[in-house]
Amino acid sequence: MDLKERLITHGYDHIDILIIDEEANQTTIPDITLHKVNDLEYKLYLDPESLNYHLNEEDPYFAAEQKSEEGGMKKIKGFVLEW
C-alpha cells in the first residue's frame, strides 16, 4: 500500500504536509487533496522503499528518504496536518 492509500485508510482527505529534514530545515506542502493526487511519493521526491509510517501517533507522520536538490538523499519526517 502506498503513502496516499495509507493516508486515505486513516481517514485523511485534504491535508498539508510539514516536512522536516535531518538538518531541521522545514517546508510545508499545502493543500493536498489525496483523491486528486496520482503518485504522492513522486510529488514529494520520496524513495518509496524507505517509507516508515507512524500514523497512529498523536502527531501522525511518516519518515523516508527524499531526493535533495544536489541529487543525493536526505532523511525527512513528514507530519500530516489536517484541515
Side-chain angles (χ1 to χ4, degrees):
M1 187 180 308
D2 64 11
L3 177 58
K4 175 182 124 176
E5 294 302 320
R6 284 192 188 242
L7 290 171
I8 289 171
T9 300
H10 277 81
Y12 298 106
D13 179 41
H14 198 102
I15 61 171
D16 294 343
I17 297 177
L18 171 64
I19 294 179
I20 302 175
D21 71 15
E22 56 200 352
E23 296 173 359
N25 297 315
Q26 297 182 10
T27 306
T28 301
I29 313 301
D31 199 22
I32 300 171
T33 302
L34 293 173
H35 294 288
K36 294 182 180 179
V37 175
N38 289 331
D39 190 342
L40 189 56
E41 289 90 343
Y42 179 77
K43 179 180 174 103
L44 300 176
Y45 304 104
L46 301 179
D47 173 12
E49 302 286 322
S50 69
L51 275 162
N52 291 306
Y53 302 96
H54 304 274
L55 301 176
N56 291 326
E57 307 288 327
E58 185 173 318
D59 296 318
Y61 71 95
F62 57 88
E65 291 187 9
Q66 182 183 55
K67 294 177 189 167
S68 68
E69 294 173 2
E70 298 82 32
M73 298 298 277
K74 60 184 175 182
K75 294 180 191 251
I76 61 108
K77 285 186 179 178
F79 291 88
V80 180
L81 309 173
E82 263 192 297
W83 285 35

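Using a 4.5 Å cut-off between side-chain heavy atoms of Ile, Leu, Val, Met, Phe, Trp and Tyr, with links allowed through other members, Ile76 and Leu55 fall into the same hydrophobic cluster. No path of Ile, Leu, Val, Met, Phe, Trp and Tyr side chains, each step under 4.5 Å between heavy atoms, connects Met73 with Phe62, placing them in separate hydrophobic clusters.
Judged purely by atom type and a 3.5 angstrom limit, Asp16 uses its side chain to pair as donor or acceptor with the backbone of Asp31. Distance alone, capped at 3.5 Å, is enough to place a donor-acceptor pair between the Gln66 side chain and the Leu44 backbone. No donor-acceptor pair under 3.5 Å is formed between the side chain of Lys77 and the backbone N or O of Ile19. Between the side chain of Glu41 and the backbone N or O of Leu3, at least one donor-acceptor pair lies under 3.5 Å.
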request  = Would you check, one step at a time, whether the test side chain to side chain contact (heavy atoms under 4.5 Å, CB included) holds for Arg6 with Thr9?
outcome  = CA-CA 5 Å; Arg6 284 192 188 242; Thr9 300; 5.5 Å; no
query = Taking it one step at a time, do Thr27 and Asp21 satisfy side chain to side chain contact (heavy atoms under 4.5 Å, CB included)?
reply = CA-CA 9 Å; Thr27 306; Asp21 71 15; over 6 Å; no
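Scanning both residues, Val37 and Lys4, for their nearest heavy atoms gives O-NZ, 2.8 Å.
Remark: Glu82 CD to Asp13 CG distance equals 9.5 Å, nearest 0.5 Å. One finds the CG atom of Leu40 at 7.0 Å from the CG atom of Leu46 (value rounded to the nearest 0.5 Å). Here the straight-line distance linking atom NZ of Lys74 with atom CG of Asn25 works out to 6.5 Å at 0.5 Å rounding. The OH atom of Tyr12 sits 9.5 Å away from the CG atom of Leu81 when rounded to the nearest 0.5 Å. With rounding to the nearest 0.5 Å, the separation of CD in Glu65 from CD in Glu22 is 8.5 Å.
In this structure, Lys67 forms no cation-pi arrangement with Tyr45, as its terminal cationic atom is not both closer than 6.0 Å to the ring centre and no more than 45° off the ring axis.
More than 12 heavy atoms of other residues, nucleotides or ligands shown are found within 6.0 angstrom of CD on Glu57.
Looking at heavy atoms from C-beta onward, His35 lies in side-chain contact with Ile8 at the 4.5 angstrom threshold.
Of the residues Leu18, Ile17, Ile15, the one that meets the side chain to side chain contact (heavy atoms under 4.5 Å, CB included) test with Phe79 is Leu18.
Side-chain atoms of His54 and Asp59 form no donor-acceptor pair, as typed in the model, at a separation below 3.5 Å.
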